[in-house]
Amino acid sequence: MSFYRWLLQRLTGIFLVLFLILHIITLHFSGHSSFDYQAVQGRFQDPFWFIFYFLFLPNTLFHGLNGLYGIIEDYKPSKGLKIILAIGLWGSGIVALIWGILVMLSWRIMVIT
Amino acid sequence: MGNIGNALLAHYGDYIIYMRIFSIVQDISRNRNEGTIAFILHRITGICLAGYIFLHLVVLGSDFILGKGSFGKLMGQFEQPLFKILEIALIGVITFHLINGLRIIVLDFLRFTRIQRVLFWVVVFLWVIVVGITAVVFLC
C-alpha cells in the first residue's frame with residue numbers, strides 16, 4: 001500500500017510539472033486579462049482546456065493530500081489516528097473534487113453569465 | 001475517571017506527534033547538511049501548496065458562494081501591487097517545490113543519491129533564475 005502511495009506521488013508529481021508549467025504560463029504570464037470571467041469561460045468552451053483541467057484537478061488533489069498523509073505518517077501515528085486521517089483526507093478530497101467539477105461545469109455550460 | 005484517564009493515555013502518543021511536527025529546528029540541528037534543508041523546504045512549501053489548492057478552489061467558485069459577479073470583482077483585486085508581490089511569492093513557492101520534486105524523482109529512480117548535495121545547489125541555482133525572470137517580468 002505504501003509502495004503505491006510512494007509511486008503515485010512521483011507519477012502525479014511528473015504530471016503536475018507538465019500541467020503547472022502550461023497553467024502558470026497561460027494564467028500568470030499572459031497578462032491579467034486571462035483572469036477575466038469571459039476569458040475563463042471562453043477557455044472552458046475549448047475541449048482541450050476542459051479536459052486538461054478535468055485531469056489536472058484530481059491529480060493535484062491526490063498529490064497534495066497524499067503528501068499531507070505522508071508527512072503525518074513520518075511521525076508514527078497510532079493506527080486509529082491513521083484511519084481517521086485517511087477518512088478525513090479522502091473526504092475533503094472528494095468534496096473538493098465535486099466542488100471543482102461543479103465550478104468547471106458552470107463555466108463550460110455558462111450557467112452564470 | 002479511570003476509563004477517561006486510560007483513554008487519554010492511549011492517545012498520548014498522538015499528542016507527542018502533534019508536538020514533533022513543530023520540532024523542525026531539532027531536525028536541522030541534528031542533521032546539518034543540504035539534504036535536510038531541501039527536505040524541510042520541500043515539506044513547508046508542500047503544506048503551503050496543499051492549503052493553497054483549497055483556497056484556490058473556494059475563490060474560483062466564489063460566484064456560487066457570494067453570487068453573480070463576485071468572481072470578476074475578486075480577480076480585479078489582483079491588479080493591486082500587493083498581489084503582484086504575492087503572485088511572485090506564490091510562483092517562488094511552487095517552482096521550489098517543483099524543481100526540488102524533480103530532484104527527488106531523479107534521486108529515487110536514477111539512483112543519484114551520491115550527488116544529492118550537488119543537486120540541491122543545482123535546484124537552488126535554477127530556482128533563483130526562474131524567480132528572477134518572474135520578478136523581472138512582473139515588476140517591469
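Residue numbers begin at 1 in each chain, while the letters A, B, ... track the order of the sequences. Note: hydrogens, waters and symmetry copies are ignored here, and every other heavy atom, side chains too, is used.
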| field | Region of A:Leu7 in contact with chain B, defined by heavy-atom distances below 4.5 Å | value |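 Contact with chain B is through the side chain of A:Leu7 alone.
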| What part of A:Leu102 gets closer than 4.5 Å to chain B, counting heavy atoms only: side chain, backbone, both or neither? | both
| request: Check whether more than 12 heavy atoms from other residues, nucleotides or ligands sit under 6.0 Å from atom CZ of A:Phe50, and answer yes or no. | output: yes
| task | Show your reasoning for whether side chain to side chain contact (heavy atoms under 4.5 Å, CB included) applies to A:Val95 and B:Phe54. | result | CA-CA 10 Å; A:Val95 168; B:Phe54 287 90; over 6 Å; no
Nearest-0.5 Å distance that lies between atom [atom1] in [X] and atom [atom2] in [Y]:
{"X": "A:Ile24", "Y": "B:Ile91", "atom1": "CD1", "atom2": "CD1", "result": "5.5 Å"}
{"X": "A:Phe29", "Y": "B:Ile133", "atom1": "CZ", "atom2": "CD1", "result": "8.5 Å"}
{"X": "B:Asp63", "Y": "A:Tyr37", "atom1": "CG", "atom2": "OH", "result": "4.0 Å"}
{"X": "A:Leu68", "Y": "B:Ile47", "atom1": "CG", "atom2": "CD1", "result": "7.0 Å"}
{"X": "A:Leu16", "Y": "B:Leu98", "atom1": "CG", "atom2": "CG", "result": "8.0 Å"}
{"X": "B:Leu60", "Y": "A:Tyr53", "atom1": "CG", "atom2": "OH", "result": "9.5 Å"}

| Taking B:Gly46, B:Gly51, B:Ala50 one by one, which has the highest count of heavy-atom pairs under 4.5 Å against chain A? |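 When all of B:Gly46, B:Gly51, B:Ala50 are compared, B:Ala50 has the most.
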| field | Heavy-atom pairs under 4.5 Å with chain A, option from B:Val137, B:Asp108, B:Ile53, B:Ile105 with the top count | value | B:Asp108
| request: State yes or no: do A:Phe56 and A:Leu11 share one hydrophobic cluster built from I, L, V, M, F, W and Y residues joined by side-chain heavy-atom distances below 4.5 Å, directly or via other members? | output: no
| Hydrophobic cluster membership, A:Ile51 vs A:Leu27, 4.5 Å side-chain cutoff | yes
Can you tell which part of [X] gets under 4.5 Å to a heavy atom of chain A, answering side chain, backbone, both or neither?
{"X": "B:Thr134", "answer": "both"}
{"X": "B:Leu102", "answer": "side chain"}
{"X": "B:Leu49", "answer": "neither"}

| task | Would you check if A:Asp74 and B:Arg43 make a side-chain contact, meaning some heavy-atom pair closer than 4.5 Å? | result | yes
| field | Any side-chain heavy-atom pair of B:Leu57 and A:Leu57 under 4.5 Å | value |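 Result yes, sub-4.5 Å side-chain heavy-atom pair found.
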| said: Tell me if the aromatic rings of A:Trp6 and B:Phe109 count as close, with their centers under 6.0 Å from one another. | reply: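 Distance test on ring centres: under 6.0 Å, yes.
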| task | Could I get the full list of ring-ring contact (aromatic ring centres under 6.0 Å, His included) partners for B:Phe120, not counting sequence neighbours? | result |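 B:Phe120: no ring-ring contact (aromatic ring centres under 6.0 Å, His included) contacts found.
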| said: Students often mix this up, so state it plainly: with edges at 30° and 60°, are the rings of A:His28 and B:Phe138 parallel, tilted or perpendicular? | reply: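 Rings of A:His28 and B:Phe138: parallel, under 30°.
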